[in-house]
Amino acid sequence: MKLGIGILFALVLRLGVPLATAAEDPGLVLQGGKVYASPTAAPVEDAALLIRDGRIVAVGKRTALKVPKSARVIDCTGKVIVAGFWNSHVHFQNGWADAAQAPAEKLDAHMREMLTRWGFTTVWDLGSEPNNTLAIRRRIGSGEISGPQILMAGDIFPHNGHPVYLPPELKLPEAATPQEAEQIAQQYLKMGLDGIKLFTGSYMGNKPVINMDTTIVKAAVDVAHAQGKPVFAHPQNWAGVDNALAGGVDVLAHTIPMAGHYTPDELSRMKQQRTALTPTLTLWTTVVSDPAVADQLVQSGVDELKAFFLQGGTVLFGTDVGFQSKYDTTQECEFMGRAMPWRDILASLTTNPAEFFKDAAKGRVEEGMTADLVVLDADPESDVRNLAKVAYTIREGKIIYSANSKQK
């Protein structure tokens, strides 16, 4: 009689039977920590997880699991284990030049500083030089550098909508017509990118915001949706939000604090269309030098997030790092905590993006799931800022960040 893998490991947990040593991968065991299998699940105290071949093969009480002698064991006593984090708004922009040729040690160090030390195992790059970021993705895939899974969206700007904060000599893909938007979107997807990002509002400094016409938005959205790819929008004001929603985008990549609030019609349309929101609240502390103005922008963003959350909208965690350099996620967690409970912030990092972007093997700490995990030094239930206190980041069963070591 042949036992399925699920039945086999159920017996391991129930009977305390050691795993057969014939398996090639000796496995990794996290033991003694508190496990939140999902944001809605009751925690499992004094738990143990067995990881092998990039998957979680057993999870439960430590007393129920006989640790294989050959496995590497990490003592997680006093720590908290959750699913790997998603950052749904990053840029491989500043500090990532010449990624195909740059020394692996340099890229590794920058990856730790920007992403892996904060628990990120999956990220959405919402705008960088595509070929350069594809090189980073290849080098992570080959094992040269340690990093998260990188999903990529290609940018499209409105005609004459070169934002003032980007270097004027930088050549940007602008669409003046629906046909041009179609062509640019098709080119991105042929390159192997995973989505599209539209600047439905471009900030022009002292000049009026340049908003993208709805027909152009819809043209790019239609191309992406025909291939099952998501579309993100960068709005700057109500018109940018309205045109994005009318064109059918999937995610608003920022709040719009300069507008102060969403209109009732916008909130209604977001709910009806199941549009997700990435608030990027920390960003608003970096765009102005006056602390009082920054505080006002943050509070407006918090108010918008709260209104969106209270109507049941899907919130995705994102920080815009790579464009801005506040890599520490403590402040983002604190700001979001003004608008929503800690479990919902954990959902924005785990289950929400996994479900929204249709990755059924991620987002939860359960048998059979991809072994993307974060080990925290403290419990976010007592303080949401503890979501930034990362001891280990594990992707597909491999440690890609350890607070105790800077080695891979």
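Between A239 and N211, the closest heavy-atom pair is CB-ND2, 3.5 Å. Nearest heavy-atom pair, V374 versus G84, reported as atom, atom and distance to 0.1 Å: CG2-CA, 3.8 Å. Minimum interatomic distance between Y188 and G154 (heavy atoms only, all atoms of both residues): CE1-C, 3.4 Å. Among all heavy-atom pairs drawn from A185 and I156, the shortest one is N-CD1, 4.1 Å. Of all heavy-atom pairs between A244 and A233, the closest is CB-CB, 3.7 Å. Closest approach of I136 and A99 over heavy atoms only: CG1-CB, 3.3 Å.
Side-chain contact check for I196 versus V223: every heavy-atom pair is 4.5 Å or farther apart. At a threshold of 4.5 Å between non-hydrogen side-chain atoms, the residues L281 and M336 count as touching. Between T263 and L267 there is no side-chain heavy-atom pair separated by less than 4.5 Å. Counting heavy atoms from C-beta on, the side chains of R395 and I140 come closer than 4.5 Å. At least one side-chain heavy atom of T393 sits under 4.5 Å from a side-chain heavy atom of T121. F232 is not listed as a side-chain neighbour of V249, based on a closest heavy-atom distance of 4.5 Å or more. Looking at heavy atoms from C-beta onward, K389 lies out of side-chain contact with T329 at the 4.5 angstrom threshold. Using a 4.5 Å heavy-atom cutoff, the side chains of W86 and L151 are in contact.
Ion pairing of R385 with D383 is present here, as a side-chain N (NZ or NE/NH1/NH2) and a carboxylate O approach within less than 4.0 Å. Using a cutoff of 4.0 Å between basic side-chain nitrogens and carboxylate oxygens, R364 and E366 are scored as salt-bridged. Ion pairing between D372 and K362 holds under the 4.0 Å rule for side-chain N and carboxylate O.
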Practice task
Kindly indicate, with the supporting measurements, whether the criterion side-chain contact (heavy atoms from CB on, under 4.5 Å) is fulfilled by Q227 and K229.
Solution key: CA-CA 6 Å; Q227 297 190 38; K229 306 296 185 182; 4.1 Å; yes
One pair to check against side-chain contact (heavy atoms from CB on, under 4.5 Å): V241 and M270. What are the steps and the verdict?
CA-CA 10 Å; V241 172; M270 292 175 196; 4.1 Å; yes
Residue pair F357, T122: steps toward the side-chain contact (heavy atoms from CB on, under 4.5 Å) verdict = CA-CA 11 Å; F357 298 116; T122 309; over 6 Å; no
inquiry  = Run M191 and N131 through side-chain contact (heavy atoms from CB on, under 4.5 Å) and show every step you take.
reply    = CA-CA 9 Å; M191 291 178 68; N131 285 316; 3.6 Å; yes
Subject >> Derivation of the side-chain hydrogen bond (donor to acceptor under 3.5 Å, both in side chains) call for T215 and D213 >> reply: CA-CA 6 Å; T215 60; D213 186 81; 2.4 Å; yes
- [ ] Dump the intermediate steps for side-chain hydrogen bond (donor to acceptor under 3.5 Å, both in side chains) on T282 and E332, then the final yes or no.
- [x] CA-CA 5 Å; T282 302; E332 188 71 20; 2.6 Å; yes
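Judged as a ring-ring contact (aromatic ring centres under 6.0 Å, His included), and not counting sequence neighbours, the contacts of F199 are F157, H234. For D290, the side chain to side chain contact (heavy atoms under 4.5 Å, CB included) partners two or more places apart in sequence, or in a different chain, are A292, V293. Residues forming a ring-ring contact (aromatic ring centres under 6.0 Å, His included) with W238 (at least two apart in sequence, or on another chain): H261. Under the side chain to side chain contact (heavy atoms under 4.5 Å, CB included) criterion, C333 pairs with F317, V384, L387, sequence neighbours left out. Y36 meets the ring-ring contact (aromatic ring centres under 6.0 Å, His included) test with W342; sequence neighbours excluded. Contacts of A246 classified as side chain to side chain contact (heavy atoms under 4.5 Å, CB included), with partners at least two apart in sequence or in another chain: T214, R269. Scored by the side chain to side chain contact (heavy atoms under 4.5 Å, CB included) test, D250 finds H225, P230, V231, F356 as partners (sequence neighbours excluded). With sequence neighbours excluded, the residues satisfying side-chain hydrogen bond (donor to acceptor under 3.5 Å, both in side chains) with T255 are W284.
Between the side chain of S348 and the main chain of I345, a donor-acceptor pair closer than 3.5 Å is present. In this structure a side-chain-to-backbone donor-acceptor pair under 3.5 Å is missing from D377 to K79. A donor-acceptor contact shorter than 3.5 Å is absent between the side chain of Q31 and the backbone of I74. A distance-only check finds no donor-acceptor pair linking the side chain of T133 to the backbone of P130 [under 3.5 Å]. A donor-acceptor contact shorter than 3.5 Å links the side chain of N386 to the backbone of D379. One N or O on the side chain of S300 and one on the backbone of Q296 form a donor-acceptor pair closer than 3.5 Å. Side-chain N or O atoms of W96 include none that pairs as donor or acceptor with a backbone N or O of H110 at under 3.5 Å.
Side-chain atoms of T285 and K326 include a donor-acceptor pair closer than 3.5 Å. With no hydrogens or angles considered, a side-chain donor-acceptor pair links T330 and D328 at under 3.5 Å. Donor-acceptor pairing under 3.5 Å is lacking for the side chains of D295 and Q299.
Taking OG1 of T278 as the start and CG of L126 as the end, the distance is 7.5 Å to the nearest 0.5 Å. A distance of 13.5 Å separates NZ of K218 from CD1 of I216, quoted to the nearest 0.5 Å. Here the straight-line distance linking atom CD1 of I56 with atom CG of L28 works out to 10.5 Å at 0.5 Å rounding. Here the CG atom belonging to L277 is positioned 11.5 Å from the CG atom belonging to N352, to the nearest 0.5 angstrom. Atoms CG and OG, on L316 and S88 in that order, are 4.5 Å from each other to the nearest 0.5 Å. Atom-to-atom distance recorded for S325:OG and M114:CE is 10.5 Å, nearest 0.5 angstrom.
Note on residues 151-166: no pairs pass side chain to side chain donor-acceptor pair (under 3.5 Å), not counting sequence neighbours. Within the structure, salt bridge (charged side-chain N to carboxylate O under 4.0 Å, His left out) pairs that include any residue of residues 118-141 comprise R137-D194, R139-E144 (at least two apart or interchain). Residue pairs that meet the side chain to side chain donor-acceptor pair (under 3.5 Å) test with at least one member in residues 311-321, sequence neighbours left out, are N87-T319, H89-D320, H91-D320.
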Return a table of donor-acceptor pairs under 3.5 angstrom between the side chains of residues 37-51 and protein atoms on other chains or two or more places apart.
unit_1 : atom_1 : unit_2 : atom_2 : d
S38    : OG     : T40    : N      : 3.3
S38    : OG     : T40    : OG1    : 3.2
S38    : OG     : A41    : N      : 3.3
D46    : OD1    : R62    : NE     : 3.1
D46    : OD1    : R62    : NH2    : 3.0

